[in-house]
Amino acid sequence: MTHPLHDLRLPGPTLVLVDDSDSLALDALHGIEDLPGLEPTVVPLSTLDGPRKGWGSVLVVAADRARLRRMASAVPLLGQCKAVACWLTDSPVPWVLVPRPEWPRLVHLAAREAGDRGVLTVARFASGARAQARGDGDGPPGRRPR
């Protein structure tokens with residue numbers, strides 16, 4: 001069986017954040033360590049106790065937008081990265097972001113189905129973007145949802 005993210009390439013290393021109480025998201029991560037092009041380090045949200053820096057990209061994994069919102073309120077500053085991706089493993093609707101003027105220039109934005117496991121949104125920036133979700137938001141770094 002092919003992993004839903006088998007064709008995803010992100011600048012590494014990749015911090016993979018997952019809510020360890022989200023069984024759907026945890027199940028979807030099986031085999032992610034073997035994917036070429038990710039260099040993933042899976043970090044359960046409950047173990048995230050402070051800033052984690054030095055990532056080329058951040059992949060946030062949640063079952064749906066509601067779980068993503070709950071996760072966002074618990075994520076501390078993560079430094080800067082060149083790509084931010086969001087994999088909603090049990091949702092037919094991708095995470096949508098609206099670029100903010102204060103962000104680095106957005107050079108690529110794509111949303112697609114992730115095989116038979118939900119949807120994936122990937123945003124790539126010309127330079128490092130602040131990797132932080134704030135409050136109850138499910139938007140990208142430093143952005144509250146509309």
Side-chain angles (χ1 to χ4, degrees), residues 2-20 22 24-65 67-91 93-145:
T2 302
H3 193 279
L5 302 185
H6 70 93
D7 58 347
L8 179 62
R9 302 293 179 265
L10 292 173
T14 301
L15 173 64
V16 179
L17 288 178
V18 62
D19 180 351
D20 32 340
D22 186 344
L24 292 170
L26 287 168
D27 182 55
L29 286 175
H30 290 288
I32 198 165
E33 303 86 9
D34 301 325
L35 296 178
L38 279 188
E39 297 178 56
T41 298
V42 177
V43 177
L45 190 58
S46 67
T47 67
L48 197 60
D49 55 1
R52 298 219 175 198
K53 298 181 179 184
W55 304 104
S57 56
V58 174
L59 170 62
V60 179
V61 183
D64 53 39
R65 292 175 66 98
R67 287 220 183 240
L68 182 62
R69 281 187 199 100
R70 285 192 293 275
M71 271 184 78
S73 65
V75 176
L77 283 170
L78 296 173
Q80 293 187 340
C81 63
K82 299 227 9 166
V84 176
C86 178
W87 182 20
L88 299 179
T89 63
D90 197 43
S91 175
V93 180
W95 169 65
V96 178
L97 77 110
V98 177
R100 304 275 303 186
E102 63 271 19
W103 292 356
R105 185 171 49 90
L106 184 66
V107 295
H108 176 82
L109 177 62
R112 65 170 175 85
E113 291 181 341
D116 61 351
R117 292 301 299 254
V119 289
L120 175 71
T121 302
V122 179
R124 296 176 192 271
F125 300 92
S127 61
R130 190 176 50 155
Q132 175 196 20
R134 291 188 294 161
D136 60 353
D138 62 347
R143 169 81 170 113
R144 292 187 185 274

CG of Leu5 to OG1 of Thr14, rounded to nearest 0.5 Å, is 10.5 Å
On a heavy-atom basis, the closest approach of Ala28 and Thr89 is CB-CG2, 3.5 Å
Here the gap from Arg67 atom CZ to Asp22 atom CG, rounded to the nearest 0.5 Å, amounts to 4.0 Å
By side chain to side chain contact (heavy atoms under 4.5 Å, CB included), Ala110 pairs with (sequence neighbours left out) His108
Salt bridge (charged side-chain N to carboxylate O under 4.0 Å, His left out) pairs touching residues 26-44, sequence neighbours excluded, are Asp27-Arg117
Handout entry: Side-chain donor or acceptor of Asp20 paired with backbone N/O of Pro44 under 3.5 Å
Key = no
What one should report as the nearest heavy-atom pair of Trp87 and Ala114 is NE1-CB, 3.4 Å
Compare all side-chain heavy atoms of Leu109 with those of Thr121 and state whether any distance is below 4.5 angstrom.
yes
Heavy atoms of His30 and His3 approach each other most closely as O-CD2, 3.2 Å
Hits for salt bridge (Lys or Arg N to Asp or Glu O under 4.0 Å) against Asp64, two or more places apart or cross-chain, chain-then-number order -> none
Scanning both residues in full, the closest heavy-atom pair of Arg65 with Val96 reads NH1-N, 4.0 Å
Heavy-atom closest pair (Cys81 atom, Trp55 atom, distance to 0.1 Å) is CB-O, 3.5 Å
Within the structure provided, determine whether Val93 and Val119 are in side-chain contact (heavy-atom separation under 4.5 Å). no
Sequence neighbours excluded, the answer for side chain to side chain donor-acceptor pair (under 3.5 Å) partners of Asp90 is none
dist Leu38:CG -> Ile32:CD1 (nearest 0.5 Å) comes out at 5.5 Å
Between the CG atom in Leu68 and the CG atom in Asp19, the distance rounded to the nearest 0.5 Å is 10.0 Å
Those residues at least two apart in sequence (or on a different chain) that pass salt bridge (Lys or Arg N to Asp or Glu O under 4.0 Å) with Arg9 are none
* To do: For the pair Leu17 and Met71, evaluate side chain to side chain contact (heavy atoms under 4.5 Å, CB included) and give the outcome as yes or no after the intermediate values.
  => CA-CA 9 Å; Leu17 288 178; Met71 271 184 78; 4.1 Å; yes
The side chain to side chain contact (heavy atoms under 4.5 Å, CB included) partners of Ala83 (sequence neighbours excluded) come to Leu10, Pro11, Ser57, Arg124
